[in-house]
Amino acid sequence: QVQLVESGGGLVQAGGSLRLSCAASGRTFSVYAMGWFRQAPGKEREFVATIGRIGGNTYYADSVKGRFIISRDNAKNTVYLQMNSLKPEDTAVYYCATTKTSLPSSDIGRYDYWGQGTQVTVSS
């Protein structure tokens, strides 16, 4: 059974940084692309970043481009999201997910397993 467990969320002041981690098990991690999504209260879940199976291909939502960095360590079955210059509008529950293929994607429909989420709160 595939399991994804996020960690690293918390409360941070605007302009600060956080690093989220997502540990995966139950699937050959290095075969599949991974992604991060977020959901703010009253809003739909939205794409944040995605990374290909090797890590060379990364894509970001315009709202986080230049501030967030997605990376992965296939030896540790872990994907990371380094979040810098955080803004109050980044406040949300952040979810990691694994795709059905090796190709990175912003399409939520391409993701078949999800973590439970970790709360990120950015105060102004």
Side-chain angles (χ1 to χ4, degrees):
Q1 184 176 352
V2 177
Q3 284 193 319
L4 302 173
V5 179
E6 301 98 336
S7 61
L11 174 64
V12 64
Q13 287 189 332
S17 298
L18 283 174
R19 188 174 86 151
L20 306 183
S21 300
C22 173
S25 62
R27 172 179 271 185
T28 306
F29 179 76
S30 60
V31 174
Y32 301 97
M34 300 290 294
W36 285 96
F37 291 76
R38 67 187 181 186
Q39 188 166 18
K43 295 188 176 181
E44 293 188 352
R45 194 169 298 188
E46 65 175 6
F47 166 73
V48 175
T50 182
I51 186 167
R53 66 180 185 91
I54 298 175
N57 293 333
T58 58
Y59 302 95
Y60 298 90
D62 288 343
S63 59
V64 307
K65 202 172 295 183
R67 300 189 297 122
F68 290 11
I69 300 171
I70 187 171
S71 62
R72 66 190 295 163
D73 185 338
N74 287 343
K76 295 183 178 180
N77 287 358
T78 301
V79 63
Y80 304 97
L81 185 68
Q82 177 67 44
M83 305 186 295
N84 302 318
S85 302
L86 282 161
K87 305 175 181 179
E89 50 263 43
D90 294 318
T91 295
V93 177
Y94 283 71
Y95 299 89
C96 73
T98 178
T99 65
K100 307 171 188 177
T101 75
S102 63
L103 299 176
S105 176
S106 62
D107 182 355
I108 196 170
R110 291 186 177 271
Y111 290 81
D112 55 353
Y113 291 98
W114 295 80
Q116 82 289 349
T118 185
Q119 176 71 45
V120 171
T121 303
V122 184
S123 62
S124 57

What's the verdict on ring-ring contact (aromatic ring centres under 6.0 Å, His included) for Trp114 and Phe37, showing C-alpha distance, side-chain angles and the deciding distance?
CA-CA 10 Å; Trp114 295 80; Phe37 291 76; 5.0 Å; yes

Closest approach of [X] to [Y] (non-hydrogen atoms, all atoms of both residues):
| X | Y | result |
| --- | --- | --- |
| Thr101 | Leu103 | OG1-N, 3.1 Å |
| Ala92 | Arg38 | CB-CB, 3.8 Å |
| Thr91 | Val122 | OG1-N, 2.9 Å |
| Lys100 | Gly109 | NZ-O, 3.7 Å |
| Arg53 | Asn74 | O-ND2, 3.0 Å |
| Ser71 | Ile51 | CA-CD1, 3.6 Å |

Could you go step by step and tell me if Val79 and Leu81 meet the side-chain contact (heavy atoms from CB on, under 4.5 Å) rule?
CA-CA 7 Å; Val79 63; Leu81 185 68; over 6 Å; no

Any pair with a residue in residues 8-29 that passes side-chain hydrogen bond (donor to acceptor under 3.5 Å, both in side chains), sequence neighbours left out, goes on the list, sorted by first then second residue, please.
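Matches after skipping sequence neighbours: Ser17-Asn84, Arg27-Thr98, Arg27-Asp112.
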
Answer with yes or no whether the hydrophobic clustering places [X] together with [Y]; edges join I, L, V, M, F, W, Y residues whose side-chain heavy atoms lie under 4.5 Å apart.
| X | Y | result |
| --- | --- | --- |
| Tyr60 | Val120 | yes |
| Leu4 | Ile70 | yes |
| Leu20 | Phe29 | yes |
| Ile69 | Tyr80 | no |
| Tyr111 | Tyr32 | no |

Atom OG1 of Thr58 and atom NZ of Lys65: how far apart are they, to the nearest 0.5 Å?
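It is 10.0 Å, given to the nearest 0.5 Å.
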
In Å, rounded to the nearest 0.5 Å, how long is the span from CG of Asn77 to SG of Cys22?
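So the CG of Asn77 and the SG of Cys22 are separated by 10.0 Å.
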
Quick one: does any side-chain atom of [X] pair with a main-chain N or O of [Y] as donor and acceptor, under 3.5 Å?
| X | Y | result |
| --- | --- | --- |
| Thr50 | Ser105 | yes |
| Thr118 | Gly9 | yes |
| Gln116 | Val5 | no |
| Arg110 | Pro104 | no |

Partner set under salt bridge (Lys or Arg N to Asp or Glu O under 4.0 Å) for Arg67, not counting sequence neighbours:
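Salt bridge (Lys or Arg N to Asp or Glu O under 4.0 Å) list for Arg67, sorted by chain: Asp90.
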
The test is side-chain contact (heavy atoms from CB on, under 4.5 Å); show your working for Tyr95 and Gln39 and say whether it passes.
CA-CA 8 Å; Tyr95 299 89; Gln39 188 166 18; 4.1 Å; yes

side-chain contact (heavy atoms from CB on, under 4.5 Å) evaluation trace for Phe68 with Leu86
CA-CA 9 Å; Phe68 290 11; Leu86 282 161; 3.8 Å; yes

